[in-house]
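Down below is the structure, laid out as structure tokens.
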There are 2 protein chains.
Amino acid sequence: MEPADTPEPPYWAAIFTSRLVADRAGYDQTARRMLELARSQPGFLGVESAREDLGITVSYWRDEESIRRWKEHAEHAAARREGRDRWYADWRLRGCRVEREARSGGKERDR
Amino acid sequence: MEPADTPEPPYWAAIFTSRLVADRAGYDQTARRMLELARSQPGFLGVESAREDLGITVSYWRDEESIRRWKEHAEHAAARREGRDRWYADWRLRGCRVEREARSGGKERDR
């Protein structure tokens with residue numbers, strides 16, 4: 001996975017952090033499906049994900065409204081319920097407004 | 001590593017995403033030292049980190065001023081230069097204001 005090529009700030013980020021239980025049967029398939037579904041949503045700008053002991057997925061969105069719609073997407077809401085019931089030992093979800101971005105080979109892009 | 005126990009929003013997040021070059025000699029030691037140094041800075045609230053192909057480190061801060069001071073810390077600035085010169089094939093750094101947080105076992109905490 002590559003760092004996401006997001007546009008100039010401001011835009012929004014949803015930072016989802018989690019630890020999984022030992023029995024993660026079915027988790028990878030649902031996680032892949034949710035990534036695929038997120039990519040097709042209006043306002044989706046990109047996603048970055050990595051997991052060691054802790055998993056971090058940051059998805060980027062045009063505005064708060066895009067995040068709200070994604071949160072309310074029926075298949076996504078069902079997957080979150082299944083995740084809370086079956087796979088997540090611990091999680092955080094943070095909604096943020098991205099104000100500044102710097103990147104390799106580029107200059108800093110302020111809001 | 002555990003999900004960070006951050007306070008009620010608003011607070012700030014620095015999302016650092018990177019891919020490393022093949023020869024990462026010295027990288028792990030410097031990365032560990034920077035985590036240790038960050039934890040001792042004023043305004044530091046927590047950090048979450050994971051790396052597969054892509055590495056994501058999210059550090060949380062009380063306010064923008066805390067992030068600015070950390071950015072200007074001399075040892076940190078030198079480590080960033082070394083990182084750009086030696087270890088990073090590609091990177092992004094995003095500065096964000098966290099507006100909302102939800103967590104396992106808790107209710108949503110709005111700004």
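Throughout, protein chains are lettered first and strands after them, A, B, ... in sequence-line order, and every chain is numbered starting at 1.
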Spell out, as yes or no, whether a donor-acceptor pair under 3.5 Å connects the side chain of B:Ser104 to the backbone of A:Trp91. yes

Quick check for you: among B:Cys96, B:Pro3, B:Ser18, which has the greatest number of heavy-atom pairs under 4.5 Å with chain A? B:Pro3

ILVMFWY network linking B:Leu35 to B:Trp12, side-chain heavy atoms under 4.5 angstrom: yes

Portion of A:Ile15 that has a non-hydrogen atom of chain B nearer than 4.5 angstrom: side chain

Using a 4.5 Å cut-off on heavy atoms from C-beta on, say whether the side chain of B:Arg100 contacts that of A:Arg94. no

Residue pairs involving residues 29-49 of chain B (criterion ring pair (Phe, Tyr, Trp, His ring centres under 6.0 Å); sequence neighbours excluded): B:Phe44-B:Trp61

Joint hydrophobic cluster, A:Val58 plus B:Tyr88, side-chain heavy atoms closer than 4.5 Å: no

Non-hydrogen contacts under 4.5 angstrom with chain A: give the residues of residues 20-34 of chain B involved, or none if there are none. none

Would you call A:Glu2 and B:Asp90 a side-chain contact if the rule is heavy atoms closer than 4.5 Å? yes

If you count heavy-atom pairs under 4.5 Å with chain B, which of A:Ser49, A:Ala13, A:Ala89 comes out on top? A:Ser49

According to a hydrophobic-cluster definition based on side-chain heavy atoms being under 4.5 Å apart (Ile, Leu, Val, Met, Phe, Trp, Tyr only), do B:Trp70 and A:Val98 belong together? yes

Please name the pair of heavy atoms, one in A:Ala50 and one in B:Leu54, separated by the smallest distance, quoted to 0.1 Å. CB-O, 3.4 Å

A:Tyr60 reachable from A:Ile67 in the ILVMFWY side-chain graph, under 4.5 Å edges: yes

Establish, from distance only, whether the side-chain atoms of B:Thr6 and A:Arg92 form a donor-acceptor pair under 3.5 Å. no

Of all heavy-atom pairs between A:Asp53 and B:Met1, which one has the smallest distance, and what is that distance? OD2-N, 3.2 Å

Within the side chain of B:Glu52, is there an N or O that forms a donor-acceptor pair under 3.5 Å with the backbone of A:Arg51? yes

Could you state whether A:Leu45 and A:Leu93 fall into the same hydrophobic cluster, counting links through intermediate Ile, Leu, Val, Met, Phe, Trp or Tyr residues with side-chain heavy atoms under 4.5 angstrom apart? no

Under 4.5 Å from a heavy atom of chain B, the part of A:Ala4 involved: both

